[in-house]
2 protein chains.
Amino acid sequence: MKINEVSKKFNVTSDTLRYWERVGAIPRVSRDQAGYRNYDEEDLNWVSFAICMRDAGVSVEYLIDYISLFKQGKQTVQARKDLLNEQLESVSERLAKMQASYDKLKYKVDHYEHIDKDYQGKMASIN
Amino acid sequence: MKINEVSKKFNVTSDTLRYWERVGAIPRVSRDQAGYRNYDEEDLNWVSFAICMRDAGVSVEYLIDYISLFKQGKQTVQARKDLLNEQLESVSERLAKMQASYDKLKYKVDHYEHIDKDYQGKMASIN
DNA sequence: GCTTGCCTTAAAGTTCACTTCAAGGTTTAT
DNA sequence: ATAAACCTTGAAGTGAACTTTAAGGCAAGC
């Protein structure tokens with residue numbers, strides 16, 4: 001699969017795919033005789049994993065660390081598990097914080113009607 | 001309330017508070033005779049609102065737009081409601097996307113055990 | 001056979017959201 | 001009264017994650 005197809009499949013730019021590979025957030029993709037990237041099943045899984053991690057709010061740096069461990073082989077499996085669990089923990093926290101903020105804002109919006117009856121000076125309390 | 005107290009109360013740096021005010025993400029805070037910022041109840045509410053929005057993942061630019069409408073007075077109440085609803089909608093989407101990614105990763109981690117029995121080449125599918 | 005479109009790399013540029021710096025003025029404690 | 005601990009502004013700097021540019025190679029259609 002060529003880079004542009006992958007880009008369309010996952011809705012991420014080719015530039016981002018090249019960037020991730022360059023910095024080591026995904027392993028190196030092999031090239032065809034023309035020097036073009038040719039993504040195989042495994043490469044696509046890595047791309048999918050990177051997107052998932054990024055969407056969850058995990059930094060590119062953590063991806064780089066993870067891939068670095070992966071490249072070192074089987075003996076890093078436990079370290080990878082630990083890293084993943086650590087990340088999941090912080091994703092879970094961010095998620096909770098975001099949910100709390102969302103609920104707070106949602107409440108404000110749902111009670112915004114009162115403001116119409118109010119005057120400018122009192123608006124701040126509900127923003 | 002002085003800037004450092006506000007900073008401690010909300011766990012956000014004084015620099016960030018000054019930055020938000022400078023770019024217009026919160027309304028201007030009045031100063032005392034020495035030229036120091038003196039946050040009143042309303043200012044604190046705006047700070048709290050800004051933190052809530054930022055935690056929910058709303059950009060500083062949207063805050064600026066919101067404050068800009070607020071400064072124009074009562075006739076922008078509807079526009080502000082619309083803006084807030086628009087933002088809540090996209091926060092809700094980000095939240096869902098993040099939750100989905102989290103679930104996907106959580107599943108991987110919970111089933112990671114299999115990898116130990118597996119060999120390096122098959123590791124990618126589960127990353 | 002040549003144009004249009006996709007691909008390559010390395011390097012420089014951009015955006016966002018702060019953060020730090022420089023050069024001061026004020027206030028508080030000793 | 002003087003040092004330490006605050007505060008001010010404007011401007012420059014930072015870090016993360018891309019994005020764009022430059023200069024070119026390959027490939028598919030007419």
Side-chain angles (χ1 to χ4, degrees), chain A residues 1-40 43 46-47 49-68 87 90-91 94 97-98 101, chain B residues 1-40 43 46-47 49-68 87 90-91 94 97-98 101:
Chain A
M1 214 172 187
K2 284 208 261 183
I3 198 166
N4 199 33
E5 299 175 274
V6 179
S7 157
K8 274 161 190 157
K9 178 176 167 67
F10 291 109
N11 199 35
V12 60
T13 71
S14 305
D15 297 304
T16 296
L17 291 170
R18 276 187 285 255
Y19 165 71
W20 283 347
E21 185 181 338
R22 181 165 62 75
V23 299
I26 55 170
R28 182 175 164 84
V29 177
S30 61
R31 317 292 151 117
D32 65 14
Q33 64 295 345
Y36 292 7
R37 281 171 186 80
N38 192 2
Y39 292 79
D40 65 16
D43 296 323
W46 282 116
V47 169
F49 177 64
I51 291 169
C52 193
M53 292 285 268
R54 296 290 300 120
D55 281 349
V58 175
S59 73
V60 170
E61 202 184 338
Y62 267 102
L63 282 174
I64 295 170
D65 290 348
Y66 189 86
I67 296 302
S68 162
Q87 280 314 293
S90 88
V91 168
R94 256 196 311 280
K97 197 170 185 178
M98 218 172 141
S101 293
Chain B
M1 215 173 188
K2 283 208 263 184
I3 198 164
N4 198 33
E5 299 176 274
V6 179
S7 157
K8 276 162 188 154
K9 179 176 166 66
F10 291 109
N11 199 35
V12 60
T13 71
S14 306
D15 295 305
T16 297
L17 291 170
R18 276 188 286 257
Y19 165 71
W20 282 348
E21 184 180 339
R22 181 166 61 76
V23 299
I26 56 170
R28 184 177 163 81
V29 176
S30 61
R31 317 293 151 116
D32 65 15
Q33 64 293 345
Y36 291 7
R37 281 170 185 79
N38 191 1
Y39 291 78
D40 66 15
D43 296 322
W46 282 117
V47 169
F49 178 64
I51 291 168
C52 193
M53 292 285 268
R54 296 290 299 120
D55 282 350
V58 176
S59 73
V60 169
E61 202 184 339
Y62 267 102
L63 281 174
I64 295 170
D65 290 349
Y66 189 87
I67 296 302
S68 161
Q87 278 317 290
S90 87
V91 168
R94 254 196 310 280
K97 199 170 184 177
M98 218 171 139
S101 294

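So you know, we letter chains A, B, ... as the sequences are listed, proteins then strands, and number each from 1. Values in this document were obtained by computation on a predicted structure and should not be read as measured data. The figures here come from the full heavy-atom set of this structure, side chains too, leaving out hydrogens, waters and symmetry mates.
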Which residue, B:S14 or A:R54, contacts DNA chain D at a nucleotide closer to its 5' end, judged by nearest heavy atom? B:S14
On DNA chain D, compare the nucleotides closest to A:S59 and B:K2; which residue's is nearer the 5' end? B:K2
Nearest-angstrom distance from the residue atom [atom1] of [X] to [atom2] of [N]:
{"X": "B:D15", "N": "C:dC21", "atom1": "CG", "atom2": "C1'", "result": "11 Å"}
{"X": "B:R18", "N": "C:dC18", "atom1": "CZ", "atom2": "C1'", "result": "13 Å"}
{"X": "B:M53", "N": "C:dA17", "atom1": "CE", "atom2": "C1'", "result": "16 Å"}
{"X": "B:E61", "N": "C:dC18", "atom1": "CD", "atom2": "P", "result": "13 Å"}
{"X": "B:Y39", "N": "D:dT8", "atom1": "OH", "atom2": "C1'", "result": "12 Å"}
{"X": "A:I3", "N": "C:dC6", "atom1": "CD1", "atom2": "C1'", "result": "11 Å"}
{"X": "B:I51", "N": "C:dA17", "atom1": "CD1", "atom2": "P", "result": "15 Å"}
{"X": "A:R22", "N": "D:dA16", "atom1": "CZ", "atom2": "C1'", "result": "13 Å"}

How would you label the contact of [X] with the nucleic acid (heavy atoms, under 4.0 Å): base, sugar-phosphate, or nothing?
{"X": "A:R37", "value": "sugar-phosphate"}
{"X": "A:T13", "value": "sugar-phosphate"}
{"X": "B:R31", "value": "sugar-phosphate"}

Given C:dT26, C:dT19, D:dC18, which nucleotide is nearest the side-chain atoms of A:Y19?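 Side chain of A:Y19 sits closest to D:dC18.
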Between D:dT8, C:dC18, C:dC7, which nucleotide has the shortest distance from any of its atoms to the side chain of B:Y36?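 From the listed options, D:dT8 comes nearest.
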May I ask you to decide if B:C52's main-chain N or O and B:D55's side chain share a donor-acceptor pair within less than 3.5 Å?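 No, B:D55 side chain to B:C52 backbone: no donor-acceptor pair under 3.5 Å.
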Could you tell me if the side chain of A:R54 sits less than 4.5 Å from the side chain of A:I51, heavy atoms only? no
Under 4.5 Å between any side-chain heavy atoms of A:Y19 and A:V60, yes or no?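 In short, these two side chains touch, coming nearer than 4.5 Å.
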CE/A:M53 to OG/A:S59 distance, rounded to the nearest 0.5 angstrom?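 Separation between the atoms: 8.5 Å.
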Below the 4.0 Å mark, does D:dA17 have OP1 or OP2 next to a side-chain nitrogen or oxygen of A:W20? no
Using the rule side chain to side chain contact (heavy atoms under 4.5 Å, CB included), only one of B:K9, B:M1, B:K8 pairs with B:E5; which is it? B:M1
